[in-house]
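A quick note: this is a predicted structure, and the numbers were derived from the prediction, not measured. Along the sequence shown, residues are numbered consecutively beginning with 1. Counting starts at 1 for both ligands and their atoms, following the listed order.
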Amino acid sequence: MLKINSNYSKIKPTYLFAEIAHRVAQHKEKNPEAQIIRLGIGDVTEPLCPAVVEAMHRAVEDEAHRESFHGYGPEQGYQFLRDKIAAVDFAENNIQISADEIFVSDGAKCDCGNIQELFSADTRIAVSDPVYPVYVDTNIMAGRDNIVYMLCTKENGFVPTPDDIANEKPDVVYLCYPNNPTGAVATKQQLKAWVDWANENSSLILFDAAYEAFIRTPEIPHSIYEIEGARKCAIEFRSFSKTAGFTGVRCGYTVVQTEVEALDANGVKTQLKPMWTRRQTTKFNGASYLTQRGAEAIYSPEGRAQIRSTIDFYLENARLIRQAMTSLGYTCVGGVDSPYVWVDVKCSSWEFFDKILKSANVVTTPGAGFGAAGEGFIRISAFNSRENVLESIERFKKAL
Ligand code: MLT
């Protein structure tokens, strides 16, 4: 009889946010009247901005006529979108990325999960603890369970250093800044230490920049490519989910530059870019034309102003949440340059999660769900309406 991939038995049976959804559904079943406010999963609540909506309407119209109809698109993404990404996200910031090093996809989660297919089964990976579970689970699914965990604590400002793994020699390090879940940001010096380490050790950095649009502090880097030497040793993931409210629309992109190399079975250096092209052209048919026209509109002057104002709105939510939790006596990280507030609750994080779910009808994310070092913390997401954020704060004041 068919045998399963037994690596699946090494991961938790449910994905973190599925487990939370399950607990919330149980609570709702017992308390049908409860007005639940969701500050758990980082899912956006504000509608798509007008520039995106108009562009998508026009794209629907294109698809309605034979002359402007599009069938399968280029797997790597339409040129019109890749050119805008290269010009606005990178060239404007003095980073030279060519459009053919950009791979448009249906979101950063898929790319972060799929990229490990390019590496050998015995590749040693390192991740932060706490960590976005996708990096860990996808590697375990592929049989790599020898994972190095880099502790992120108050002491290191939730940013690990290469010294933390001096004896481990991982081949690949996942870094995510602004960080999910802690909301911490990394400085140029901290990222420079990682880039130097990766180049010295012929290792690869997988840099998840899904939350870069929330950075408002001028000196905090938005991209790993702001760091000299990163072209050779880093792949970067970007997402339109939080940047432009595309969690439901689905679109993101990955940058794989020509210089990024690894060894083949004969010990010969080979580029990862053609491999990623091969992977995407085989397993993916591209994000839809409508989606990519919508994404393109984010880069118009109106689109840029509109998405910035929505992000400012969420950042104000984050500031209010952080201020409220601090005034209730909790120590917080994040919530500045990030939509997530990481709260030290000084008790079991699942217990705290249950307590505020039951007593305040507010959903958060227990830190332990992101790894052992997340125990004792909860993550509160700023993605909600102002009304719901203010209401949650009132409920916290009564419940805590
Ligand atoms: C989160 O809440 O951590 C994110 O929404 C998950 C994701 O982006 O996949």
Task: Cation-pi check, R144 onto F119 ring (under 6.0 Å, within 45° of axis) - done: no
Open item on the list: To the closest 0.5 Å, what do you measure between CD (Q306) and CD1 (I311)?
Closed with: 12.0 Å
Task: Contact list for residues 93-103, test side chain to side chain donor-acceptor pair (under 3.5 Å), sequence neighbours left out - done: S98-D100, E101-R231, E101-T258
Task: Over all atoms of both residues, closest heavy-atom pair of G42 and Y340 - done: CA-OH, 3.4 Å
Open item on the list: Using a 4.0 Å cut-off on heavy atoms, what residues surround ligand 1? Order them by chain and number.
Closed with: F17, I41, G42, K109, Y132, N180, Y211, K242, Y340, R379
Open item on the list: Is the positively charged end of R322 above the ring of W342, judged by distance under 6.0 angstrom from the centroid and angle within 45° of the axis?
Closed with: no
Task: Ion pair E394/K398, N-O distance below 4.0 Å - done: no
